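The structure appears right after this line, and notes come after that.
Not measured: the values here are computed from a predicted model. Every chain is numbered from 1 and lettered A, B, ... according to where its sequence line falls, protein lines coming before strand lines.
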Protein chains: 2
Amino acid sequence: MKRTKLKDIAEALGVSITTVSRALNNKSDINQRTKRKVLEMAKEMDYKPNNLAISLRKNKVSNVIGVVIPVVNHYFFSTVLKGIMTKAHAHNYLVIVGESVHNSKKEKEILEEFMDYGISGILLAPCLGSDFSENLLPIIHRRIPVVVMDRLYDNYNGNYVLTEDKSGAYIAVRHLIEMGYQRIAHIGSTDSSSVGLERKNGYLSALRDHGMTIDESYIELVDLMDINEGIQNGYERMASLMSCKVPPDAVFTVTDDVALGVYQYARDHGIKIPDELGVVGFSNSKVSKYLSPSLSTVEQNGEAMGNLAFDYFMQALHTNGMVYQKKFQSDLIVRQSSMKSTINGN
Amino acid sequence: MKRTKLKDIAEALGVSITTVSRALNNKSDINQRTKRKVLEMAKEMDYKPNNLAISLRKNKVSNVIGVVIPVVNHYFFSTVLKGIMTKAHAHNYLVIVGESVHNSKKEKEILEEFMDYGISGILLAPCLGSDFSENLLPIIHRRIPVVVMDRLYDNYNGNYVLTEDKSGAYIAVRHLIEMGYQRIAHIGSTDSSSVGLERKNGYLSALRDHGMTIDESYIELVDLMDINEGIQNGYERMASLMSCKVPPDAVFTVTDDVALGVYQYARDHGIKIPDELGVVGFSNSKVSKYLSPSLSTVEQNGEAMGNLAFDYFMQALHTNGMVYQKKFQSDLIVRQSSMKSTINGN
DNA sequence: AGGAATTCTCAAAACGCTTTGTATATTGCC
DNA sequence: GGCAATATACAAAGCGTTTTGAGAATTCCT
């Protein structure tokens, strides 16, 4: 009851191992009739190639990709992961997962471990503060296909799959303006990657385009290393914003988590959302829909992003040097938290 | 700049490959001095064993476990996964992940793929309707260490890590009784595994122990195949409960997701939680704390469960035939949704 | 000192596959 | 029919390890 190997098929058919191998990998130099016989026998004997042997021979693991994300139990990232896995499974790829916990050193360790293992490709959502030349560059130099997700490095020019952070932020803030909010604050991320910087830029240009003055004291930046810190930080930054001489009447937060902190602050201090304070978040996290009031937010389709990331990996694997890049346009989901009743409106 | 292999060390030291191998794997039959020299040289030359070769030779992948969970972007399961990965990384294990999407056939495919790959162990959170003898038994027969998580099979007697579902449900319902609710309903799961059945049993025995009559029309069962269906189902079942001649004044739901559906129904129909309807969920999902009113729920510590699952795997790997089992006691987290104001109390 | 027991080391085989270079069979052409 | 050209098949080497059976060196005993 041992697993059948090439040798077994070869003996059963009275041909050589080489021939069987050629047939199964449809190489040239083989008679069509022989090939058909081999294929039949292989099926009959329920032959399954030994991945390990192939890997050793070719000196790289076949059909295994590595996915590294900052936090595994975070709705957005786990949804991206889901998107990758669905595709991967359909293509008979195995998915090894690593969690960097927003720690660049750990991210590096994981990536190295993956490389040592001889993985076929890397799909990486870089952590905050991820060191490009330390962590990713060595992999690129080894010509392993890489797809960067969600967050971008400064002068990285390879494959990526992102959210259109700036325009997403722009429409969020424009929406607040259109709803009649006058003093719109922003709680953003200190992080200099696309996520933090671009969303802040979107906020700024929406204000500018609509002739609103930009008040630096309405901008608070937080460090988003951890999910729960996001909430905590949101709470504290909101407190700080409310201590302005003229407090803001709306806030656009860099993530839904930060908005959660804002909600808590508002509840604790009797501030009514949306009438006294409009709120728009970013991500359309699972929570947002069920909050009360429900949270307006910018959608980020993690699953589609994961799907495409895998597709790009496959394409990068088969084309040579071609680069695949995509920024997902993101839509605003308007819910209650930004629906100022017209009675108090401008 | 090639990767150093045993042969390189052997040549550098003028000994045989065998000797180097023995030294590195601290086997017997080797001179202590030779061994030390080998170890030093190995470090100096930055030797890293080639996992592929080892795997091929030993005919099984070394240091790779497979984790299969029903849904990847589900807070509880992804938290379990996180717990596993933290431990796994600390022990230099790679983690391959699969998502069964609550489909037994797909679960089987994934497990088979993992087995073909020659994985060192399986950590499985079975999907609803998972077929034990089809999916898991073949693996157990091959003497691969297995740890079952979260949900139990009927006559499975191997390693597992679970939540104490029955007692968790019991304290949830007892709490509702103590808060003065009189007609406590249950929205449970049709699923016959521990999760569905045990939570319902806990509900029943809490009622019995407190001399309350059990009204079958207060028990609704739903099919939990999908996260979002949970919410949808909660909504519909709540509607059905409210159409009783004497509607319930409290409900214990099998998961927080179902409670979310109850919340939506209550909001749509002007039912005040907790005064007109007490609600307790199960899982302490991330959402629950931020709902309004915040949701009382039974805590399930996914991360601890993941940690222990990995520990059990390691122990199972090294002991022989020993069985490790644990049911996590779960605590009730009391929040607003069950805090009936005493004015209306009994 | 001689032989047995013990310690240390090694060459070679094996894991299952791909690939290269070579040999054999088949075909086409004059 | 004979020779080149082409199509097909094969044996053997190699990927980096572990493991086995045996040989060489050392130690121990009387």
Along DNA chain C (nearest heavy atom to each residue), the more 5'-positioned of Leu56(B) and Ser16(B): Ser16(B)
Parallel, tilted or perpendicular: which one describes the rings of Phe76(A) and His74(A), with boundaries at 30° and 60°? perpendicular
If only side-chain N and O atoms of Lys27(B) are considered, is one of them under 4.0 Å from the OP1 or OP2 phosphate oxygen of dT19(D)? yes
May I ask you to verify whether the side chain of Thr18(A) and the base of dA11(D) hold a donor-acceptor pair under 3.5 Å? yes
Distance check needed: dC15(D) P versus Asn50(A) CG, whole Å only. 18 Å
Heavy-atom count check: over 12 atoms from other residues, nucleotides or ligands less than 6.0 Å from Lys106(A) NZ? yes
Go through dC10(D), dG16(D), dG16(C) for me and flag the one nearest to the Ala53(B) side chain. dG16(D)
Can you tell me the distance, in whole Å, between the NZ atom of Lys58(B) and the C1' atom of dG16(D)? 13 Å
Categorize Gly118(A) for me: base, sugar-phosphate, or nothing, with a 4.0 angstrom heavy-atom threshold over every strand shown. nothing
Under 3.5 Å side-chain donor-acceptor pair for Asn135(B) and Ser104(B): yes
Testing dG16(C), dT18(D), dC10(C) for proximity to the side chain of Val15(B), the answer is dC10(C)
Please list all pairs passing the side chain to side chain donor-acceptor pair (under 3.5 Å) test where one or both residues lie in residues 49-59 of chain B, with sequence neighbours left out. Asn51(B)-Ser62(B)
Rounded interatomic separation in angstrom, taking CD from Glu11(B) and P from dT9(C): 18 Å
dA9(D) phosphate, OP1 or OP2: any side-chain N/O from Thr34(A) under 4.0 angstrom? yes
Measure from NZ on Lys35(B) to C1' on dT7(C) and round the result to the nearest Å. 15 Å
Within the 4.0 Å heavy-atom criterion, would you say Ile54(A) contacts the bases, only the backbone, or no part of the nucleic acid? sugar-phosphate
Side chains of Ser78(B) and Asn73(A), donor plus acceptor under 3.5 Å: no
Within the structure, does a side-chain N or O atom of Thr19(B) lie under 4.0 Å from either OP1 or OP2 of dT9(C)? no
Do Thr319(B) and Tyr324(B) have side-chain atoms, one donor and one acceptor, less than 3.5 Å apart? yes
Protein-nucleotides 5-7 of chain D N/O pairs closer than 3.5 Å?
none

Send over the distance from Ile17(B) CD1 to dT20(D) P, rounded to a whole Å. 17 Å
Do the ring planes of Phe310(A) and His91(A) sit parallel (below 30°), tilted (30 to 60°) or perpendicular (above 60°)? tilted
N/O donor-acceptor pair, side chain Arg22(A) with base dA9(D), under 3.5 angstrom: no
Give the rounded distance in Å between these two atoms: CG of Leu6(B) and P of dA14(C). 20 Å
Atom-to-atom span, NZ of Lys60(B) to C1' of dC15(C) - whole angstrom: 15 Å
Taking 4.0 Å as the cut-off, does a side-chain nitrogen or oxygen of Asn25(B) come that near to OP1 or OP2 on dT18(D)? yes
Donor-acceptor side-chain pairing of Asp46(A) and Thr4(A) below 3.5 angstrom: no
When rounded to whole Å, the CZ to C1' distance for the pair Arg57(B) and dC15(C) reads 6 Å
